Each structure stands twice: as C-alpha cells, then as structure tokens.
Amino acid sequence: MSAVTARDVSKIYTQGDVKVTALGKVSLTVETGEFVALAGPSGSGKTTLLNLIGGLDTPDGGEVTVNGMAFSTMSSGDLAELRLTQIGFVFQSYNLIPVLTAEENVAYILRLQGVGKKERQERARAILNDVGLEDKYDRKPSQLSGGQQQRVAVARALVSNPAIILADEPTANLDSKTGDSLLQMMREMNQKHHVTFIFSTHDAMVMEAAKRIVSMKDGQIVADKTKC
Amino acid sequence: MYTQLAWRNIWRNPRRTAIILTAILIGVAAMIILAALMRGMVGGMVDNAINNMVGHIKVQHPDYRSDPDISHGLSDVDGILKALKIVLPESARLTRRIRIDGVVSNARESAGIEIVGINPKSEIGMSFIGTAPMEGSPITDSDKNGILIGAALAKKFQTGIGKKLVVTTQRGDGESGSRAFRIRGIFHGDMEVTEKAYIFISLPAAERLVHEKESATEIAVTLARETSSKELTEFVMLCRAVLKPFNVSVYGWKDLLPAITAYLAMFDVFLLIWFVVIFIAMGFGIVNTVLMAVYERMREFGLLKAIGMRPGRIIRMVMGESLFLLMLGCAGGTFFGLGVTCYFAKTGIDLGAFSKGTEMWGMSRIILPVINAGDILIANAVVLLLGLLVSIYPAVKAARFTPVETMRQS
C-alpha cells in the first residue's frame with residue numbers, strides 16, 4: 001500500500017473575477033519510507049499539493065488517499081484525527097507556540113493525543129535529543145535560533161510517530177550551513193524511523209539530498225526522477 | 001497543559017491584560033459597592049421608619065388609621081398589654097402612646113403638629129426620641145408641664161429651653177382643649193422633617209390634655225433587631241389571635257409602611273438590572289480584548305488545526321483564557337469592593353450635603369453600607385457567566401480559521 005496517492009487532483013483559486021488554476025489534474029504516488037522533494041519555482045503548485053496531501057485543503061477535483069484512507073469519504077473530525085496521528089507538518093516559518101518551551105511544544109501534540117504526562121516528557125525529550133537539542137528543553141522559541149526552532153518543529157512532527165511528514169520549504173529561512181544540518185537530520189530520521197518525507201523546495205541543496213525529485217511548473221508535474 | 005497554555009497566553013500582552021483586568025475589577029467592585037450602598041440605604045430607610053414611632057408591631061383601634069382621633073383610642077390597655085406579653089418573646093419591648101393631631105403656637109408662630117404622649121423611659125431603644133441628642137433635659141414619666149420639641153421647630157418658632165408653647169387639640173369629649181407647656185429639651189432627629197413633625201409630652205400630660213384617663217391610641221412593640229421577616233409575620237399572627245377579644249387591629253411594620261415594603265420587593269430586581277447594565281459596558285471590553293488576542297494569533301490557531309486540534313478544543317482553549325481573565329478580575333474586584341465597603345461601613349458616608357433629598361426618601365444623613373454575601377455571589381456570577389457567554393463569539397471565530405487561510409494571510 002502506498003503512503004500517499006493523489007489522483008487527478010486539481011485546485012482552482014478565485015481572485016476577484018479571475019480563476020487561477022493552482023493545480024491541474026495532478027497524479028502522484030509516494031511509497032512508504034520515500035524521501036521526496038517537490039521542486040519548482042514559486043507558483044508552481046508545490047505548497048498547494050502539499051496542503052491537499054496533508055488534508056489542510058480540499059481539492060476541487062480528484063482524490064487524495066493516505067495509507068489507504070480516501071479524504072473524500074472522511075468528515076472534518078476524521079481528517080483532524082488523521083492529521084493528529086498519521087501526518088507530521090514542518091512549516092517554512094517554524095510555527096512554534098511562542099509561550100511554550102521546546103519540550104512543551106513537542107509534547108503538545110502528544111497531549112492532544114491523550115498521552116500521559118510522564119510518557120509525554122520522556123518521548124519529547126528523546127526526540128529533542130535525536131535532533132540535537134538535549135540542552136534546550138526549557139528554552140522558549142524566542143530563545144532559540146532559526147535552525148534550532150526548525151529542529152524543534154521537526155521534533156514536533158516526528159514525536160507522534162506519524163507515517164508521513166510534510167515539510168513546506170523547511171530550509172527557506174535558514175542559512176546554508178544550518179539548512180544542510182537540518183537536511184542531514186531529516187535524512188537520518190527517514191532512515192532511522194522509516195518515516196516518509198515529502199517536502200516542497202526550490203533549494204538546490206535540498207534537491208540534492210532528496211532521493212526522488214518531483215518537478216512542478218504551472219500546476220503540473222513536469223518531471224519525476226528517482227536517483228539510483 | 002491546556003490550563004498552563006491558557007494562563008501563559010493571557011500574559012502575552014501584559015498591558016492589554018492589565019487594562020481588561022482593571023475594567024473587570026472596577027466593574028465587579030462597583031457592583032459590590034453599589035449593592036452594599038443600596039442595601040445600607042434601604043436598611044437605613046427601614047430602621048428609620050421602624051424607629052420613627054412605628055416599631056415592629058403596632059396595636060391600634062380599627063378606625064384609628066383612617067381617623068387618628070382620641071375617640072379612636074384603645075380601651076382596656078392593661079388587658080391588651082398582658083395578652084401581648086403572653087405571646088411575645090421576653091426580649092420584646094412594649095410601650096403605649098397617645099398620638100393625636102394638634103396645633104402648637106407661641107407669640108410668633110403656629111403650626112400643625114403631631115402631639116405624642118409617651119413614657120420617656122420606655123421609649124429608650126424603641127423610638128428615636130429615647131436616645132435622640134438633646135439640648136436641655138428630657139421630660140420625666142410624670143412631667144405634667146414639660147415638652148420636647150425638635151431643633152428645626154425651635155428655630156422656626158424662634159424659641160428655646162424654658163420658653164412656653166401652647167398646644168391645642170380635640171379632647172375626648174369633642175371639645176377643643178389647650179394647655180401651656182414649658183420647653184424642657186430640644187431634640188435633634190436624623191431628619192429635619194422629624195424635628196418639625198412631632199412634639200413630645202408625658203403620657204399623664206397627654207391624658208390631661210385630652211381629658212382621658214389610662215388611655216392610649218396605640219401600643220407599639222419592638223422586637224430584637226435580628227428578627228426575621230418570617231418570624232415577624234408569625235408574631236403578628238399570634239398577636240392577632242390573642243387580641244381577638246379586644247376588637248383591635250394588629251399591624252406589622254410592612255403593613256404600616258407599604259411604600260418601603262413595595263420598594264424592598266423590587267430591590268433585588270433593581271440590583272440585578274444594575275449588575276447587567278454595568279456588565280454590558282464591561283462586556284464590550286471583554287469581547288474586544290479576546291477578539292484582538294484571537295486575531296493576533298490567527299496563524300497559531302491555523303497551526304493547531306493543522307496538527308489535528310479539533311475546533312471544540314480551540315473553543316475551550318480561548319474560553320479558558322477568558323475564564324482566567326474573568327476569575328482574576330472577579331477576585332480582584334471582590335477584594336477591592338469589600339475593602340472599600342468595609343471602610344465605609346466603619347466610617348459611614350455622610351450625605352449631609354444632600355439631606356433634603358435623602359429625607360424625602362426617609363433615609364439617614366449617614367449611610368452605612370451593608371455587605372450581603374448573596375450580592376457578592378450574584379455580582380461574580382453575572383460577570384463570570386455573561387463574560388463566558390460573550391467570549392463564545394471570539395472563541396468560535398478562532399475555531400473557524402482554516403490552516404491554509406491563516407498561512408496565506410500571514
């Protein structure tokens with residue numbers, strides 16, 4: 001069973017009287033454990049496709065399936081549950097909760113899942129250790145660098161053991177050294193936890209790190225290459 | 001963690017939180033102070049009225065209220081007193097009085113007045129005249145020529161202690177009777193109108209004036225101050241039962257003071273309306289603050305929905321923040337309100353400057369606020385419940401943000 005299947009998905013936005021096709025009948029299949037980059041310039045439809053795969057947005061046509069579950073048959077509550085348990089998100093601008101510490105940010109998703117306090121703490125600390133933030137448990141986002149914040153965001157995405165992690169331009173706000181280090185870490189997580197990673201990027205360094213590159217342009221997939 | 005998050009969220013913008021907390025604090029404190037003040041005023045009105053020759057229970061001839069004449073006096077006063085003592089508690093105080101309309105005059109002035117014949121000793125603790133501040137000396141129980149007049153009347157008549165006044169009234173035989181009295185004392189009442197309304201002479205002097213012996217137009221009963229409304233009703237019923245053979249009317253103070261009784265019945269509703277009015281002003285502040293906090297954190301709510309938080313939980317989170325704000329404001333407001341009320345309960349609020357207005361309503365010049373636990377509970381409940389109610393709107397707004405929309409807007 002594929003981790004993600006998008007079949008003929010399309011998305012049209014209306015800007016005033018003008019209809020803009022963000023995605024036009026795109027089909028994509030990602031297998032479990034893949035490390036896939038959605039590459040392309042701004043406006044190519046990468047983020048839109050990622051949002052549709054993550055159930056954050058609904059397609060105007062086509063069907064998205066994650067681990068065999070078709071979104072069209074799910075209620076908004078079921079979709080929320082799916083996002084909580086099966087999908088991890090990493091955003092371009094980290095999106096951490098500013099009033100919570102690094103550990104609390106990571107543990108928050110476990111709290112939503114109803115995990116007990118002790119287990120939350122253990123799992124949050126273990127994953128923060130994995131991303132190299134063992135000495136930053138009690139730091140708030142404002143006390144962390146951009147790279148460290150993005151590591152916390154990756155830890156938060158990983159802590160609930162999701163099947164898929166969707167990362168929208170995760171290195172866009174980082175310098176090349178920090179971005180490279182983050183990519184190494186994501187690669188390690190992919191190999192260690194066999195988590196499927198799908199990320200959007202137009203960063204050459206990220207594309208180099210990806211095993212499979214799906215190139216997009218004007219809302220269409222124009223190339224799909226897997227490295228040997 | 002939800003509680004922790006809500007607590008930290010309200011302190012994200014300390015200045016804004018401080019402003020809204022101050023608004024809630026002032027609102028709650030105003031409710032408590034206002035309620036205590038109004039209760040003090042109403043309590044004062046009731047005490048004044050009871051103290052102003054009314055008492056808790058009064059026994060009169062059935063026709064006396066419609067025609068307050070000596071011919072409508074009580075017969076067998078001693079028998080009535082004995083019967084009352086059987087049913088009333090030992091702490092109850094009884095006194096008989098002769099109250100008749102008349103005219104008082106001197107060489108300069110004359111005025112319509114209520115002549116009250118009293119046993120001065122038994123009036124202590126029963127009516128204001130027993131303990132009123134006085135210039136000169138009080139009259140004695142057997143004083144046949146002495147009279148007490150109010151300071152306002154003395155001023156109007158340009159008279160003083162030792163001077164004479166002539167009192168004229170209708171006697172028991174229907175003829176007009178006059179007697180001269182010498183002013184023994186000039187009393188000061190809580191209200192100027194009291195000082196002009198009554199003159200006091202001893203009961204024997206009143207009996208001589210109206211040519212009636214062992215007479216009384218009323219027997220007044222004062223019960224312990226803590227007697228509840230229910231107990232009072234029961235005592236009135238008992239008195240009516242025991243005095244049935246005497247052909248008299250027995251009234252509780254609520255029967256004698258219908259305006260105050262009606263006001264008391266409406267008082268709690270007035271108070272609740274006041275609370276809601278104060279809250280409405282405060283409610284806009286609460287909605288505005290919570291709404292601002294929600295719009296500032298649109299992206300965060302989008303994120304929370306993206307990671308799988310259900311809308312219901314977002315509503316609970318925002319409502320939790322409101323609850324914290326409201327609880328803090330209520331606690332501070334209650335503390336502050338109680339502090340201010342306790343201070344004025346000790347010192348009193350002097351409304352001497354508005355004494356004409358306060359007297360019109362039968363209120364004292366000095367208002368002593370009265371703290372009532374029920375008012376504090378209702379004030380807090382109104383703010384908490386309505387505060388949570390108005391917070392539903394911003395909370396639902398927060399829950400309706402979609403992740404894609406918030407990411408795009410920010």
Side-chain angles (χ1 to χ4, degrees), chain A residues 11 13 15 22 47-48 50-52 54-58 75-101 103-117 120-121 124 140-142 153 156-157 159-160 162 166 168, chain B residues 1-17 289-290 292-325 328 395-410:
Chain A
K11 185 73 189 174
Y13 291 113
Q15 289 178 338
T47 301
T48 304
L50 221 51
N51 286 342
L52 293 177
L56 300 180
D57 208 352
T58 45
S75 67
S76 60
D78 292 339
L79 262 175
E81 189 65 26
L82 179 94
R83 288 198 298 269
L84 182 63
T85 54
Q86 305 277 325
I87 304 172
F89 290 93
V90 179
F91 300 96
Q92 184 180 330
S93 49
Y94 330 132
N95 280 7
L96 299 176
I97 299 171
V99 292
L100 298 182
T101 63
E103 184 187 320
E104 288 165 345
N105 261 289
V106 175
Y108 194 70
I109 201 157
L110 298 175
R111 175 70 186 86
L112 291 177
Q113 288 180 344
V115 176
K117 192 178 178 183
R120 285 203 306 263
Q121 190 185 51
K140 288 196 174 158
S142 58
R156 179 180 63 189
V159 74
S160 60
L166 304 175
D168 187 12
Chain B
M1 191 179 264
Y2 294 131
T3 314
Q4 204 177 26
L5 184 59
W7 176 253
R8 289 185 196 170
N9 275 334
I10 65 169
W11 295 110
R12 276 185 181 193
N13 191 330
R15 189 185 295 173
R16 189 171 57 208
T17 299
T289 305
V290 181
M292 276 164 69
V294 160
Y295 273 102
E296 266 179 20
R297 288 154 52 203
M298 269 177 79
R299 194 182 178 90
E300 205 173 295
F301 290 119
L303 163 85
L304 291 171
K305 283 188 91 173
I307 64 174
M309 197 174 197
R310 287 170 186 256
R313 278 194 165 160
I314 292 179
I315 290 175
R316 266 162 51 194
M317 192 171 86
V318 176
M319 299 284 282
E321 291 171 27
S322 291
L323 184 66
F324 266 131
L325 274 174
L328 278 175
V396 168
K397 272 264 178 207
R400 282 189 177 166
F401 291 142
T402 63
V404 173
E405 185 185 64
T406 55
M407 308 285 173
R408 202 181 295 141
Q409 281 192 6
S410 49

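Protein chains get the first letters and strands the later ones, always in sequence-line order, with residue 1 at the start of each. No hydrogens, no waters, no symmetry mates; every other heavy atom, side chains included, goes into these values. In this text, all values refer to a predicted model and were calculated from it rather than measured experimentally.
- Here B:T402 contributes atom OG1 and A:L56 contributes atom CG; the two are 9.0 Å apart, rounded to the nearest 0.5 Å.
- Looking only at side-chain heavy atoms (C-beta outward), A:V99 and B:W7 stay at 4.5 Å or farther from each other.
- In this structure, A:T48 and B:V404 have side chains that are not in contact, with every pair of non-hydrogen atoms separated by 4.5 Å or more.
- A distance of 7.5 Å separates CG of A:L100 from CD of B:Q4, quoted to the nearest 0.5 Å.
- No donor-acceptor distance shorter than 3.5 angstrom exists from the side chain of B:R299 to the backbone of A:N95, with no hydrogens or angles considered.
- Between the OH atom in A:Y108 and the CG atom in B:L304 there is a gap of 5.5 Å [rounded to 0.5 Å].
- When each of B:G302, B:A306, B:P311, B:G312 is scored by its heavy-atom pairs under 4.5 Å with chain A, the top score falls to B:A306.
- For the side chain to side chain contact (heavy atoms under 4.5 Å, CB included) test, residues two or more places apart in sequence or in another chain that qualify with A:T47 are A:N51, A:D168, A:S200.
- Remark: B:R297 engages B:N9, B:R12, B:A293, B:E300, B:F301, B:M317, B:E321 in a side chain to side chain contact (heavy atoms under 4.5 Å, CB included) (not counting sequence neighbours).
- When the shell of 6.0 Å around NZ of A:K140 is examined, it contains more than 12 heavy atoms from other residues, nucleotides or ligands.
- Side-chain contact between A:I87 and B:I307: absent, with no pair of heavy atoms (C-beta onward) separated by less than 4.5 Å.
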(request) Begin with the C-alpha distance, continue with both residues' side-chain angles, and end with the deciding distance and a verdict on side chain to side chain contact (heavy atoms under 4.5 Å, CB included) for A:E104 and B:R8. (result) CA-CA 12 Å; A:E104 288 165 345; B:R8 289 185 196 170; 2.5 Å; yes
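- In plain terms, the two heavy atoms of B:R310 and A:A80 that are nearest each other are CG-CB, 4.2 Å.
- Remark: side-chain polar atoms of B:R313 are paired, donor with acceptor, to backbone N or O of A:L112 under 3.5 angstrom.
- With a threshold of 4.5 angstrom between heavy atoms, A:P98 approaches chain B through its backbone and through its side chain.
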